[in-house]
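Below you'll find the structure, written out as structure tokens, and then a few comments.
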Amino acid sequence: MKRDVVIIGGGIVGLNCAYFLQKSGRKVTIIDEGDITNSTSFGNAGLLSSYDKTPLSYPGVITNTLKLMLKGQSPAIFHPTLSPKIYKWLLNFMLSANEKRTKKTMMLFEKYGELSLQFYEQMIKEHNLDFDYHRNGMLSVFTEEKSYKEKLKKYNYVDEDRFKVLKFDELQEYVPTITNKAKGAILFKKNAHFDSRKVMSELKKHLEQEGVEFILNERVEQLDIRNDKIKYIITSNGNQYRPEHTIMSTGYQTLLSNQCKKDLMMTPAKGYSITFEMPKEFVPKTSTLFNDLFIVMTPRKDSVRLTSKLEIGSNDPAVVQKQIDSIKSNFFEYNRAFDMKGEVNWTGFRPLTPNDIPLIGRDENIKNLTYAMGLGWLGMTFAPAVGSIISDLVSNDKTNAQSDGILLFSGFYQ
């Protein structure tokens, strides 16, 4: 069964690659092992945090994490393992936690995050898609005095278009549940949020209408590689697809990249979300990041979602109630109590690189293979930018060296 461009993986990155490739005139097929209705993208907070948000590996992250561990509030959990790859990843993570790397990463976040926001806004306008999209900022709430003062040092100037330091009564207007245990808050005005569930559903429906083929509930088991090209994609159903070009967008799963002898510097990081209804008078005005706790609270049209946790070394796909309880405990330490009605708990694995820079670009040896991997917790934030870069690379038959997007924003070249 011959195909033009086959995308393996139907998460937000895979859908955006399909969107831009289809617009460029390519015939696109997406193969996914599930029905894509419960992927990591569906469990995302929906916070598009391209502006004024530090990467996970920032100066002082190790000290701050240890401090929170002692208080029982750390979002990070490490399970001891015999896998040398995870320790290699951790070493690279620590080496990335420096001022120079952080500044560079934040500039890239801003460049490609703004591009993605513009693409989302264009999709909504051009195709009348309902993303429940709001560009009304990201509120960053600080629960540690030290981190708040350090942030204030960096924002010790006036820029009314970019940010505003809130007084406590202003903070209460944005987050009615907040208590005076919070140390301070800054509204970063250029960020946005949406309902990740709606984005995935609306984008999939649009792609189907435009002729993109979806092959769902079919796991790709093997790549038949001959003469430096993928000859066949072989699935669990015994089907064999012959691609002109293959894009690997398999999230945290590296079975297929291992078959291509590509050792990706990436690890699965387990995260959780709690989606619920709350009294309308308590709903936050905008997506709120509890900076020191790594908890995000995002309002949606009919619910609110909390996301948190960064669990390294786990391969357990189940929701662990202990972690749900921990998120609630940390959250209610700084917020007034209320009932979470209709609570739905979810967990999934994020494909995390040591410096939050994605692994995108052509394979150096397999001529018809391109990677679109490693977006971690920022898949929603950067997926359209990555999709446009990949489409330009493939549709115009460019090498990695000919793509500014690849050279600037790929972890293969950082």
Side-chain angles (χ1 to χ4, degrees), residues 1-42 127 200-262 264 351 359-373 375 379 383 386-399:
M1 291 180 274
K2 198 170 182 180
R3 297 294 192 279
D4 182 13
V5 180
V6 175
I7 300 172
I8 306 174
I12 188 62
V13 178
L15 294 188
N16 271 277
C17 288
Y19 175 83
F20 286 98
L21 282 162
Q22 184 274 327
K23 286 195 78 172
S24 75
R26 302 299 292 261
K27 296 291 184 181
V28 182
T29 298
I30 295 176
I31 304 177
D32 195 274
E33 65 180 354
D35 62 5
I36 80 170
T37 61
N38 197 36
S39 65
T40 299
S41 298
F42 271 82
H127 309 299
M200 292 292 292
S201 300
E202 289 276 291
L203 197 48
K204 177 177 179 288
K205 182 171 69 174
H206 169 73
L207 291 173
E208 287 175 322
Q209 291 171 348
E210 294 299 313
V212 172
E213 178 187 23
F214 282 83
I215 300 172
L216 302 179
N217 300 303
E218 195 165 330
R219 179 180 173 84
V220 175
E221 299 279 4
Q222 186 179 349
L223 301 176
D224 183 353
I225 302 168
R226 307 180 197 177
N227 300 321
D228 300 326
K229 293 186 77 174
I230 294 176
K231 186 78 170 177
Y232 291 103
I233 295 170
I234 303 169
T235 72
S236 54
N237 295 15
N239 292 322
Q240 296 188 13
Y241 302 97
R242 186 175 180 179
E244 182 70 24
H245 198 94
T246 299
I247 295 171
M248 194 180 296
S249 185
T250 54
Y252 73 94
Q253 300 186 62
T254 57
L255 173 67
L256 298 180
S257 62
N258 292 340
Q259 289 182 20
C260 299
K261 299 180 181 179
K262 191 75 170 180
L264 300 178
L359 302 175
I360 58 177
R362 285 182 177 272
D363 190 275
E364 294 174 354
N365 300 310
I366 302 173
K367 297 174 183 176
N368 63 343
L369 172 63
T370 296
Y371 298 94
M373 308 274 284
L375 270 292
V386 168
S388 68
I389 292 169
I390 296 298
S391 175
D392 177 59
L393 190 74
V394 173
S395 295
N396 295 308
D397 198 24
K398 291 183 177 180
T399 64

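When a residue number appears, it is its place in the shown sequence, counting from 1.
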>> Is there a side chain to side chain contact (heavy atoms under 4.5 Å, CB included) between Asn16 and Val386? Walk through the geometry before answering.
In response: CA-CA 8 Å; Asn16 271 277; Val386 168; over 6 Å; no
> Passes side chain to side chain contact (heavy atoms under 4.5 Å, CB included), Gln222 versus Tyr232? Steps please.
Replying inline: CA-CA 8 Å; Gln222 186 179 349; Tyr232 291 103; over 6 Å; no
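Annotation: Glu210, atom CD; neighbour count of heavy atoms from other residues, nucleotides and ligands within 6.0 Å is above 12. Heavy-atom neighbours of Asn396 CG from other residues, nucleotides or ligands within 6.0 Å: above the threshold of 12. Atom NZ of Lys23 has more than 12 heavy atoms from other residues, nucleotides or ligands within 6.0 Å. The neighbour count for Gln22 CD, taken as heavy atoms of other residues, nucleotides or ligands under 6.0 Å away, is above 12.
A side-chain donor-acceptor contact under 3.5 Å links Asp4 to the backbone of Lys27. A donor-acceptor contact shorter than 3.5 Å links the side chain of Gln259 to the backbone of Glu221. At least one donor-acceptor pair under 3.5 Å links the side chain of Asn368 to the backbone N or O of Ile230. Here the side chain of Ser391 pairs no donor or acceptor atom with the backbone of Ser388 at under 3.5 angstrom.
Atom CD1 of residue Ile360 and atom CG of residue Leu375 lie 8.0 Å apart, to the nearest 0.5 angstrom. Atom CZ of Arg226 sits about 13.5 Å away from atom CG of Asp228, to the nearest 0.5 Å. Taking NE2 from His245 and CG from Leu393, the interatomic distance works out to 7.0 Å, rounded to the nearest 0.5 Å. Separation of atoms CD1 (Ile36) and CG (Leu15) is listed at 5.0 Å; rounding is to 0.5 Å. Here the CD1-CG distance, from Ile389 to Asp392, works out to 8.5 Å after rounding to the nearest 0.5 Å. Considering CD of Glu202 and CE of Met200, their distance stands at 12.5 Å, rounded to 0.5 Å.
With salt bridges taken as basic N to acidic carboxylate O contacts below 4.0 Å, one links Glu213 and Arg3. The pair Asp397-Arg362 counts as a salt bridge, with a side-chain nitrogen and a carboxylate oxygen less than 4.0 angstrom apart. Under 4.0 Å is where a charged nitrogen must lie from a carboxylate oxygen, and between Lys205 and Glu208 no such pair does.
With Ile7 as the fixed residue, the side-chain contact (heavy atoms from CB on, under 4.5 Å) test singles out one of Thr370, Thr29, Leu21, Thr250: Leu21.
You'll find the side chain of Met1 stays beyond 4.5 Å of the side chain of Ile215, heavy atoms only. At a threshold of 4.5 Å between non-hydrogen side-chain atoms, the residues Leu223 and Ile8 count as touching. In this structure the side chain of Lys261 never reaches within 4.5 angstrom of the side chain of Asn365, judged on heavy atoms. Looking only at side-chain heavy atoms (C-beta outward), Phe214 and Asp32 stay at 4.5 Å or farther from each other. Annotation: side chain of Val220 is not in contact with side chain of Tyr241 (no heavy-atom distance under 4.5 Å).
Here the closest heavy-atom approach between residue Pro243 and residue Ile233 is recorded as CG-CD1, 3.9 Å. Nearest approach of Glu218 to Thr235, heavy atoms of both residues: OE2-OG1, 2.7 Å. Across all non-hydrogen atoms, the minimal contact from Leu369 to Cys260 is CD2-SG, 3.6 Å. When all heavy atoms of Met373 and Gln253 are compared, the pair lying nearest together is CE-O, 3.8 Å. Of all heavy-atom pairs between Ile234 and Asp224, the closest is CD1-CB, 4.3 Å. Minimum interatomic distance between Ser395 and Arg26 (heavy atoms only, all atoms of both residues): OG-CG, 3.6 Å.
Classification of the Tyr19-His127 ring pair by plane angle, with boundaries at 30° and 60°, yields perpendicular.
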